[in-house]
Amino acid sequence: MKIAVTYENGNIFQHFGHTEEFKFYETENGSIVNQQTVSADGFGHGALAGFLKNLNADVLICGGIGQGAIAALEEAGIKVCGGISDSADEAVEKYLSGSLIYSSAPNCSHHHDHEHHHHGGGHCGGHNGCHGNGGNCHE
């Protein structure tokens, strides 16, 4: 499995559409086997889903993310766990152990022209993917 994390100075960057770098973690049997940081090369909201798909991401862990970006990522076959504010490494370790708890309001709050759906929180990760009652972990 390949996990992408919005990345800035060791932490999860909080605005998906303005992400300049992603940190990718390749995992096998619940352990990280390789990691690297990749520049997003100026891609914006719409193109980032394709960028991540081309780099074979299976999961995205991020901070704030809008519904349009979530839909594009889901269409690309990428699971989304948003609203996370841990360090990137800690979030991936929690995801792999099934203990990543995500926020109940992942959406980018400054997008006033979009309709927002706020759901309850839940857990992300583990062998069964995303758990909870909606939240911002989308499969």
Side-chain angles (χ1 to χ4, degrees):
M1 173 174 36
K2 196 169 192 180
I3 301 169
V5 180
T6 56
Y7 190 74
E8 182 180 59
N9 299 322
N11 294 312
I12 296 171
F13 184 66
Q14 292 301 300
H15 186 184
F16 173 74
H18 292 175
T19 302
E20 293 181 12
E21 285 187 321
F22 288 91
K23 189 167 183 181
F24 287 89
Y25 300 80
E26 291 182 50
T27 66
E28 290 179 13
N29 302 318
S31 297
I32 298 168
V33 296
N34 190 26
Q35 49 189 300
Q36 74 180 88
T37 304
V38 177
S39 171
D41 292 327
F43 285 96
H45 290 88
L48 285 172
F51 172 79
L52 293 172
K53 183 177 181 171
N54 288 340
L55 291 172
N56 301 312
D58 298 300
V59 175
L60 170 69
I61 297 174
C62 63
I65 184 168
Q67 290 299 316
I70 290 171
L73 290 158
E74 288 175 344
E75 190 174 309
I78 299 169
K79 295 178 188 174
V80 179
C81 292
I84 311 298
S85 59
D86 288 334
S87 84
D89 293 350
E90 287 177 17
V92 171
E93 290 292 343
K94 288 178 182 178
Y95 180 85
L96 292 172
S97 71
S99 65
L100 183 63
I101 298 172
Y102 57 90
S103 162
S104 62
N107 298 321
C108 294
S109 60
H110 65 275
H111 292 184
H112 300 293
D113 57 332
H114 296 284
E115 180 180 342
H116 293 288
H117 304 281
H118 298 287
H119 305 281
H123 295 274
C124 287
H127 296 291
N128 297 320
C130 298
H131 308 286
N133 58 346
N136 50 337
C137 203
H138 301 268
E139 293 189 63

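Looking at residues two or more places apart in sequence or on another chain, you find a side chain to side chain contact (heavy atoms under 4.5 Å, CB included) between Glu26 and Lys2, Val33, Asn34. With sequence neighbours left out, Phe22 forms a ring pair (Phe, Tyr, Trp, His ring centres under 6.0 Å) with Phe51. Residues passing the salt bridge (Lys or Arg N to Asp or Glu O under 4.0 Å) test with Asp58, sequence neighbours excluded: none.
Nearest heavy atom pair, residue Ile101 against residue Ile84, reads O-CD1, 3.7 Å. Leu48 and Ala40 make their closest contact through CD2-CB, 4.1 Å (heavy atoms, listed as atom of the first residue, atom of the second, distance). Looking at every heavy atom in both residues, Ala4 comes nearest to Leu52 through CB-CD2, 3.8 Å. Of all heavy-atom pairs spanning Ala91 and Ile12, the tightest one is CB-CD1, 3.6 Å. Between Val5 and Ala88 the shortest heavy-atom distance is CG1-CB, 3.8 Å.
Phe13 has its side chain out of reach of Glu21: every pair of non-hydrogen atoms, C-beta onward, lies at least 4.5 Å apart. Inter-residue side-chain proximity for Phe16 and Leu60 is flagged as met; some heavy-atom pair is nearer than 4.5 Å. Under the 4.5 Å side-chain criterion, counting only non-hydrogen atoms from C-beta, Asp89 is in contact with Gln35.
To the nearest 0.5 angstrom, Glu8 atom CD is 12.5 Å from His15 atom NE2. Going from atom CD1 of Ile3 over to atom CD1 of Ile61 covers 5.5 Å, rounded to the nearest 0.5 Å. Annotation: the span from Thr6 atom OG1 to Ile65 atom CD1 amounts to 8.5 Å, rounded to 0.5 Å. The distance from the CG atom of Leu100 to the CD atom of Glu93 is 11.5 Å, given to the nearest 0.5 Å. Atom NZ of Lys79 sits about 11.5 Å away from atom CD of Glu74, to the nearest 0.5 Å.
Taking hydrophobic clusters as Ile, Leu, Val, Met, Phe, Trp and Tyr residues chained together by side-chain heavy-atom distances below 4.5 Å, Ile78 shares a cluster with Ile70.
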